[in-house]
Amino acid sequence: MAKKQFKSESKRLLDLMINSIYTHKEIFLREIISNASDAIDKLCFLSLTDDKVGMSREDFKITIKADKDSRTLVIEDNGIGMDRDDLENNLGTIASSGSYKFRQQLEEKDKENVDIIGQFGVGFYSAFMVADDITVLTKKYGGDTAYRWQSSGADGYTIKEVEKDNVGTQVILHIKEDAEGENYSEFLDQYRIQGLIKKYSDYVHYPIIMDMETQKQKEGTEEKPEYETVVETKTLNSMTPIWQKNKKEVTEEEYNTFYREKFFDFEPPLCTIPTSVEGVVTYKALLFIPSKIPYDFYTKDYKKGLKLYSSGVLIMDNCEEILPEHFRFVKGIVDSQDFSLNISREVLQHDRQLKTIAKTLEKKIKNELSSIMKKEREKYEEFFKQFGRQIKYGIVSEYGTHKELLQDLLLFYSSTEKKLVSLQEYVDRMKEEQKYIYFATGESIATIDNLPQAELLQSKGYEILYCTEDVDEFTIQGLGMYDNKSFRSVTNDDLGIEEDEKSEENNEDNSQVLTFVKDALGDKVNEVIASKKLVSHPVCLTAKGGISFEMEKYFAQVQPGSGMKAQRCLELNLNHDAVKALAENIGKDDEKAKLYSELLYDQALLIAGLPLEDPSAYADLVCNLMK
Ligand code: ADP
């Protein structure tokens with residue numbers, strides 16, 4: 001029979017497995033058992049709603065047989081099984097979630113770094129680390145034909161029809177011969193297998209059984225003990241899912257391993273949230289916040305949601321409705337005996353119990369985050385770096401419905417503290433006479449640090465929150481107020497500060513300068529005023545009305561031609577030598593004064609990060625003045 005070739009993408013992973021020098025080869029058993037358990041999940045779920053399956057929960061099991069003579073290790077399940085297409089698609093190619101992700105990560109990371117193998121599910125192929133031949137006998141539920149898939153590695157695989165009575169799958173591994181420094185025979189040892197199952201697969205919720213040989217004293221040999229070998233069928237796992245266990249009984253390492261395997265992550269989670277609720281609705285949940293943002297988080301490929309279980313049986317792999325959008329980064333499972341087994345997406349939308357659970361989980365996540373913020377600040381900042389943007393989106397979305405819930409999870413960089421601060425911390429520090437919460441927008445901390453508009457506030461020692469992400473300003477608009485204090489942009493012409501008498505004077509004395517500059521610039525600006533906020537800089541632009549410069553820039557990117565423009569107000573520092581030089585030329589050399597006006601306006605544009613209307617004209621202007 002002609003051998004079929006593995007799909008090329010699978011081949012690399014396969015090669016890696018066959019030639020693996022990885023020391024934790026033992027994880028192959030976890031992978032094969034996990035596949036068996038998933039296959040049983042599928043049939044078990046069917047059996048709940050379809051009498052034709054003719055099986056009940058207690059009938060499902062995974063059986064292990066090890067035979068040292070033939071060097072075979074057999075893992076058998078009575079799950080859903082596979083037909084020819086499934087075999088082609090699932091074992092001939094890496095289409096499956098775990099392996100696919102693994103390959104992607106492999107490509108991103110050090111290509112030959114096999115150390116990452118053990119860190120999470122790499123699936124079926126990992127068996128080639130210990131086996132030189134793999135045979136899969138399988139019959140799918142509902143099908144008539146059984147199949148035999150066989151492969152001894154890189155040269156491909158064969159599939160043929162065979163006889164098999166019962167539905168399910170048998171994976172037969174021919175364990176490699178021992179080699180120098182490599183002991184493969186250990187995987188045929190019953191105690192080693194027992195240990196591995198305890199270590200990796202204890203929570204699998206179907207019995208994993210194996211016939212084990214033990215020495216027993218023969219009856220009637222009390223005087224002169226004689227022993228015989230007896231075979232006992234033992235269940236090797238405790239079958240309690242990790243989320244059903246009391247959190248005190250579970251180590252952090254166990255939670256981390258569970259998370260990495262179940263949710264295909266290299267990194268341990270940032271935090272684990274085990275929850276147990278008894279009351280109107282009774283459920284257990286085990287939630288995780290990843291430590292790194294998934295690479296596809298902001299794409300449509302990313303699926304938010306939690307896994308739903310009903311008394312240990314998986315009923316939905318990804319229930320979106322149970323997680324609010326703003327916490328879509330949370331992973332985990334919820335298990336409730338109250339979930340109906342034949343739950344469908346349509347039913348879910350109106351399911352009252354589900355809504356109640358969703359509400360309490362939302363609160364739980366929020367409280368957990370608040371507590372990390374309080375007690376483990378560095379860790380929280382790490383979280384915020386990864387997912388802060390999502391929290392901000394949460395505030396802006398749905399007309400601000402969630403702002404009360406989310407506002408205390410925000411962090412902004414502070415001008416005075418030189419680090420990230422929360423709104424509460426800002427308000428607690430506000431000066432007695434301070435009316436507003438000040439914020440400034442810009443591309444980076446350095447740009448904002450040098451904003452002329454912020455000078456006065458800075459010189460008076462007021463704290464300013466820095467908005468460096470495009471969503472920041474929308475977030476602040478969405479919040480409107482915090483703790484009864486309004487937000488105010490440093491570019492706003494009214495900063496709520498007692499005016500300097502000096503600038504009042506200047507205002508009156510110099511109206512001639514202001515009018516001149518306005519006339520010189522025409523429609524380019526809406527207004528020219530004497531600045532109350534500039535200290536050492538000669539000019540700045542401020543935006544009047546509802547649209548800020550940051551918004552103007554944002555809309556120019558996402559909706560070019562929308563005509564969203566901020567109203568430009570040019571502020572002049574009448575005490576600055578450059579502005580004085582301009583003033584002196586008025587009446588004497590109006591042409592020059594006009595050039596100075598344009599130059600100052602262009603500089604104000606540059607500082608505001610706005611494009612110059614005519615950069616080469618600006619360059620000529622500067623050169624002319626240098627002559
Ligand atoms: P993953 O488990 O991450 O999806 P695997 O490479 O381990 O990747 O398995 C590939 C696919 O093969 C599984 O998703 C499943 O569809 C199928 N499969 C593997 N083992 C079994 C089994 N014992 N019974 C039924 N299907 C199986």
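Counting starts at 1 for both ligands and their atoms, following the listed order. Please read all numbers here as calculations on a predicted model, not as lab measurements.
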**OP:** Kindly identify the option in Glu31, Met82, Glu76 whose heavy atom sits closest to atom 21 (C) of ligand 1.
**Re:** Met82
Subject >> Phe387 six-ring face occupied by Arg328 cation (under 6.0 Å, within 45°) >> reply: no
Original post:
Considering only heavy atoms, does Asn90 approach ligand 1 within less than 4.0 Å through its side chain, its backbone, both, or neither?
Top reply: both
Original post:
Short N/O distance, under 3.5 Å, between Lys42 and ligand 1?
Top reply: no
Subject >> Flag side-chain contact, heavy atom, 4.5 Å: Glu252 against Thr272 >> reply: no
**OP:** Determine, considering heavy atoms only, which of Ile75, Ile40, Ile33, Asp77 sits nearest to atom 22 (C) of ligand 1.
**Re:** Asp77
Subject >> Side chain to side chain, Gln386 and Lys292, heavy atoms closer than 4.5 Å >> reply: yes
Subject >> Aromatic centroids of Tyr255 and Phe258 separated by under 6.0 Å >> reply: no
